[in-house]
Amino acid sequence: MDAYDKGSNARPVPGEPAAAVPVPDGSPPEGHDTSDSPEQRPSGEAPARIPQQYGDQQPYDGQQYRDTALGGPPLPPPAGISALSLPYQIAAALALAVVAVAACVHVGMVFLHVAPSNTVTKQHGQAIDEWIYPEFEQNWKLFAPNPLQQNIAVQVRADVRAADGEIRTTRWYDLSALDGAAIDGNLLPSHTQQNELRRAWDFFVATHDNANRPNGLRGSLSEKYLRRIVVLRLDREQAGGRGAVVQQVQVRSRTTNVPPPKWSQEQVSDKPIVRVLPWWPVSEADRAAGTRPAESTGTEAGAR
């Protein structure tokens, strides 16, 4: 041990006073000022406040204690909206209120849309439909007792008149597969890519019998709607080559069952079901409504 040891057996250094000996409990150390003790303090004098080691955050009158190391940890800085100035706090509160109101209105509109017919939907049905369609449409087939378990592909081919006057038949274009490829990996697919063709085919099937005969005016309307969509898509895919004019189109659907999971004992057929529609002549009105502007009166498509 040397002169720097702190224990009770440390050797004193020559010429230096001896180390202070610990004082027993209840006895003040030698040289300690006991003027603040109750016995020796003059009457009427307030005792000096001894700062606490932790949690003493408030200063006291008189000689204020300024040692922050013994005053406890500092308070954390304000966070969130409370850290903003008053005008920004008001603006943030108003923005949150607007978002909350819009969310409540949207939830209410969706509830009224899917709820059974009632007094509110009868009186404000048009406003509810304008809010819901087309972005927030609800398709409950996913939750039905018998959900949709089929993949339906809509395909089309056309007879086109080439620039040399020859009539040619194009290959089959799988329009559903093209929509699927456009949606795959797209974080914000358009409503057209997701629903236009599917809804048009559902509309056609619901308004036609198994022999593809329309069931009234809605049947004729669905046929015209589907025909103009496929003419537009053929023009977009540049079917027939440059200068080709679509003369008539034929649509078919290819339906396959979704295979059951491996743990299921359900047996389904994997054979596709094909439904072929008759040839539909394409009129000038179909070309005007279903195609982009092109030379003359026909649907012109560049070579693919």
Side-chain angles (χ1 to χ4, degrees), residues 110-111 113-117 129 132-159 169-234 236-237 239 248-280 290 304:
V110 173
F111 171 78
H113 173 67
V114 301
S117 179
D129 290 342
I132 294 297
Y133 292 104
E135 288 82 5
F136 307 117
E137 178 188 1
Q138 303 296 312
N139 186 354
W140 294 106
K141 290 182 179 180
L142 180 63
F143 306 101
N146 296 314
L148 187 63
Q149 299 178 352
Q150 295 174 332
N151 290 322
I152 302 175
V154 180
Q155 303 169 345
V156 62
R157 65 177 178 177
D159 282 346
T169 302
T170 67
R171 62 178 177 87
W172 286 101
Y173 289 87
D174 194 337
L175 304 182
S176 298
L178 294 174
D179 285 343
I183 295 172
D184 189 19
N186 188 352
L187 297 179
L188 297 173
S190 69
H191 176 71
T192 300
Q193 293 170 339
Q194 297 179 82
N195 297 317
E196 182 185 55
L197 183 63
R198 178 183 61 83
R199 292 294 302 274
W201 180 254
D202 290 344
F203 186 24
F204 177 85
V205 172
T207 56
H208 285 72
D209 57 18
N210 293 331
N212 301 321
R213 292 188 299 262
N215 296 327
L217 296 178
R218 286 176 57 84
S220 301
L221 180 62
S222 66
E223 180 179 322
K224 182 183 299 184
Y225 180 55
L226 180 60
R227 182 169 64 249
R228 291 185 176 182
I229 289 177
V230 298
V231 170
L232 174 63
R233 297 294 299 272
L234 288 172
R236 186 184 304 169
E237 295 301 319
Q248 57 181 356
V249 295
Q250 186 179 31
V251 181
R252 74 178 182 184
S253 67
R254 188 174 186 272
T255 304
T256 55
N257 293 318
V258 176
K262 295 181 179 180
W263 48 262
S264 175
Q265 297 181 355
E266 182 182 3
Q267 300 293 328
V268 298
S269 175
D270 57 354
K271 182 179 180 180
I273 300 175
V274 178
R275 179 174 180 175
V276 182
L277 306 186
W279 285 93
W280 291 336
R304 187 170 180 174

If I compare all heavy atoms of [X] with all of [Y], which pair ends up nearest, and what's the gap?
X      : Y      : result
Asp174 : Ala153 : OD1-CB, 3.8 Å
Ser220 : Pro214 : N-CB, 4.0 Å
Gln193 : Asn186 : OE1-ND2, 3.9 Å
Pro272 : Arg254 : CG-NH2, 3.4 Å
Ala158 : Leu234 : CB-CD1, 3.5 Å
Ala206 : Asn215 : O-ND2, 4.2 Å

When you compare the side chains of Asp159 and Gln248, does any donor N or O come within less than 3.5 Å of an acceptor on the partner? yes

Scan side-chain atoms only and decide if His208 and Asn212 contain a donor-acceptor pair under the 3.5 Å cut-off. no

Tell me whether Asn210 at atom CG has more than 12 heavy atoms from other residues, nucleotides or ligands lying less than 6.0 Å away. no

Is atom CZ of Arg218 surrounded by more than 12 heavy atoms (other residues, nucleotides or ligands) closer than 6.0 Å? no

Start with the C-alpha distance between His113 and Phe136, add both sets of side-chain angles, then the distance that settles side-chain contact (heavy atoms from CB on, under 4.5 Å), and finish with yes or no. CA-CA 10 Å; His113 173 67; Phe136 307 117; over 6 Å; no

Under 6.0 Å from the six-membered ring centre of Tyr173 and within 45° of its axis: does the NZ or CZ of Arg171 meet both? yes

When you compare the side chain of [Y] with that of [X], does any pair of heavy atoms fall below 4.5 Å?
X      : Y      : answer
Asp270 : Thr256 : no
Thr255 : Arg275 : no
Tyr133 : His191 : no

Give a yes or no answer on whether the side chain of [X] reaches the backbone of [Y] with a donor-acceptor pair at less than 3.5 Å.
X      : Y      : answer
Ser222 : Gly219 : yes
Gln250 : Leu277 : yes
Asn257 : Pro259 : no

With rounding to the nearest 0.5 angstrom, report the [atom1] to [atom2] distance, [X] to [Y].
X      : Y      : atom1 : atom2 : result
Ile183 : Leu188 : CD1   : CG    : 12.0 Å
Arg199 : Tyr225 : CZ    : OH    : 8.0 Å
Ile229 : Glu196 : CD1   : CD    : 4.0 Å
Leu226 : Thr207 : CG    : OG1   : 9.5 Å
Arg227 : Phe204 : CZ    : CZ    : 10.5 Å
Leu175 : Gln155 : CG    : CD    : 8.0 Å

How far apart are the C-alpha atoms of Arg233 and Glu237, what are their side-chain angles, what is the distance that settles it, and do they pass the salt bridge (charged side-chain N to carboxylate O under 4.0 Å, His left out) test? CA-CA 6 Å; Arg233 297 294 299 272; Glu237 295 301 319; 5.1 Å; no

Between Val230 and Trp280, is the side-chain contact (heavy atoms from CB on, under 4.5 Å) condition met? List the steps. CA-CA 11 Å; Val230 298; Trp280 291 336; 5.5 Å; no

Show your reasoning for whether side-chain contact (heavy atoms from CB on, under 4.5 Å) applies to Ser176 and Ile152. CA-CA 8 Å; Ser176 298; Ile152 302 175; over 6 Å; no

Can Arg157 and Trp279 be said to form a side-chain contact (heavy atoms from CB on, under 4.5 Å), step by step? CA-CA 10 Å; Arg157 65 177 178 177; Trp279 285 93; 3.6 Å; yes

